[in-house]
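Below is one structure, written out as structure tokens; comments come after it.
Keep in mind that the numbers below use all heavy atoms, side chains included, and drop hydrogens, waters and symmetry copies.
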Amino acid sequence: MRKAKPVKEVHVKVKVLSVAEERFVFESDDIQVGPNNHLNFANDDKHYGFHIHYELHGADGYRFPDDLSDAIYVEQGSLDYCPQSKSSWGIFKPRDVRAGNGGDRRVLVVENKNDDKKDFTYTLRAKNGADWLNLDPPGSNHNGGSPFTVEDSNTGIILGAVAAVAVLAVAFLALK
């Protein structure tokens, strides 16, 4: 029996180096971080899609907003610019804001379905009173195969045996 593969939970530390200059670095043990904080999302044989937990570090007083459409702007396509106004893409979308390092609303959870090979840009947005912090890394999705997996090896053997019997039955009927 086939079942859906689970999504991969990825934790990304967003270390804000300078609020005034909007400089930051990503750190993660769960996904490779490339130059310019570029994240490459590739499904593996056990997972399909991602839940990315972006956790703010530094930038005291800044929190992700309650309105998820203000927390992240996303556009597919060119990596030459990052969105500066509200925009969304159904493949990479915010799901939740949670407590984290230093208090409430410090973690933004984003779902990445990663079901098509696309480059995209996004802007993570945090707020401190009336002041906004806009952090703009690029990203790439690498379509990684089927969202389903064979549940266990016994099921795979049974499915293979059923297929073989079906092929033999068709061949027998064709020879008759």
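- The shortest non-hydrogen separation linking Asp70 to Lys86 is OD1-CE, 2.7 Å.
- The backbone N or O of Val74 lies less than 3.5 Å from a partner atom in the side chain of Ser87, making a donor-acceptor pair.
- Taking all atoms of both residues into account, the shortest heavy-atom contact from Asn40 to Ser140 is OD1-CB, 3.3 Å.
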Check your understanding: Is there a side chain to side chain contact (heavy atoms under 4.5 Å, CB included) between Ile72 and Phe64 once you walk through the steps?
Key -> CA-CA 9 Å; Ile72 187 170; Phe64 289 111; over 6 Å; no

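- Using a cutoff of 4.0 Å between basic side-chain nitrogens and carboxylate oxygens, Asp44 and Lys46 are not scored as salt-bridged.
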Practice item. Would you please test Ile91 and Asp116 for side chain to side chain contact (heavy atoms under 4.5 Å, CB included) and show each step? Key: CA-CA 9 Å; Ile91 304 300; Asp116 196 8; 5.8 Å; no

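- In the hydrophobic cluster analysis, where Ile, Leu, Val, Met, Phe, Trp and Tyr join through side-chain heavy atoms closer than 4.5 angstrom, Val16 is grouped together with Tyr62.
- Put simply, the side chain of Arg63 gets close to the backbone of Asp104: a donor and an acceptor are under 3.5 Å apart.
- Proximity of the aromatic rings of Tyr122 and Phe92 is defined here by a centroid distance below 6.0 angstrom, and this criterion is met.
- Between Asn114 and Gly49 the shortest heavy-atom distance is CB-CA, 4.4 Å.
- Residues Phe50 and Leu124 fall within the same hydrophobic cluster, defined by Ile, Leu, Val, Met, Phe, Trp and Tyr side chains chained together at heavy-atom separations under 4.5 Å.
- Annotation: salt bridge (Lys or Arg N to Asp or Glu O under 4.0 Å) contacts of Lys93 (sequence neighbours excluded): none.
- The CZ atom of Arg95 lies 11.5 Å from the CD1 atom of Ile52; values are rounded to the nearest 0.5 Å.
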Practice item. Please lay out, stage by stage, how Arg98 and Asp96 fare under the test salt bridge (Lys or Arg N to Asp or Glu O under 4.0 Å). Key: CA-CA 6 Å; Arg98 300 179 180 163; Asp96 194 17; 2.8 Å; yes

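- The hydrophobic clustering, which links ILVMFWY residues whose side-chain heavy atoms are closer than 4.5 Å, places Val7 and Phe120 apart.
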Point to revise | Steps toward salt bridge (Lys or Arg N to Asp or Glu O under 4.0 Å) verdict (Glu27, Lys15) | key: CA-CA 8 Å; Glu27 293 179 356; Lys15 289 181 66 176; 3.4 Å; yes

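- A donor and an acceptor atom, one from each side chain of Glu111 and His51, are nowhere located under 3.5 Å apart.
- Listed for the Gln84 side chain is a donor-acceptor partner under 3.5 Å among the backbone atoms of Cys82.
- Of the N and O atoms on the side chains of Ser28 and His11, not one donor lies less than 3.5 Å from an acceptor on the other residue.
- Between Tyr54 and Phe26, the ring center distance clears the sub-6.0 Å criterion.
- Rounding to the nearest 0.5 Å gives a distance of 4.5 Å between CZ of Arg106 and CG of Leu56.
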Practice item. Could you please spell out the steps behind the side chain to side chain contact (heavy atoms under 4.5 Å, CB included) verdict for Glu9 and Asp30? Key: CA-CA 8 Å; Glu9 301 293 329; Asp30 301 325; over 6 Å; no

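- Although no hydrogens or angles enter the test, the distance criterion places no donor-acceptor pair under 3.5 Å between the side chain of Asn36 and the main chain of His38.
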Could you list the donor-acceptor pairs under 3.5 angstrom formed by side chains in residues 129-138, with sequence neighbours left out?
from, atom 1, to, atom 2, distance (Å)
Asn134, OD1, Arg125, NE, 2.8

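- Note on Phe24: it clusters hydrophobically with Val12, by side-chain heavy-atom contacts below 4.5 Å among ILVMFWY residues.
- Between Gln76 and Trp89, the shortest heavy-atom distance links the atoms OE1-NE1, 3.2 Å.
- Closest approach of Thr121 to Pro83, counting heavy atoms only: OG1-CD, 3.4 Å.
- Hydrophobic clustering, with ILVMFWY side chains joined whenever heavy atoms are under 4.5 angstrom apart, keeps Tyr73 apart from Val110.
- The side chain to side chain contact (heavy atoms under 4.5 Å, CB included) check on Leu68 picks up Pro94, Val97, Leu108, with sequence neighbours excluded.
- Contact detail for Asp60 and Asn128: the closest heavy-atom pair is O-ND2, 3.7 Å.
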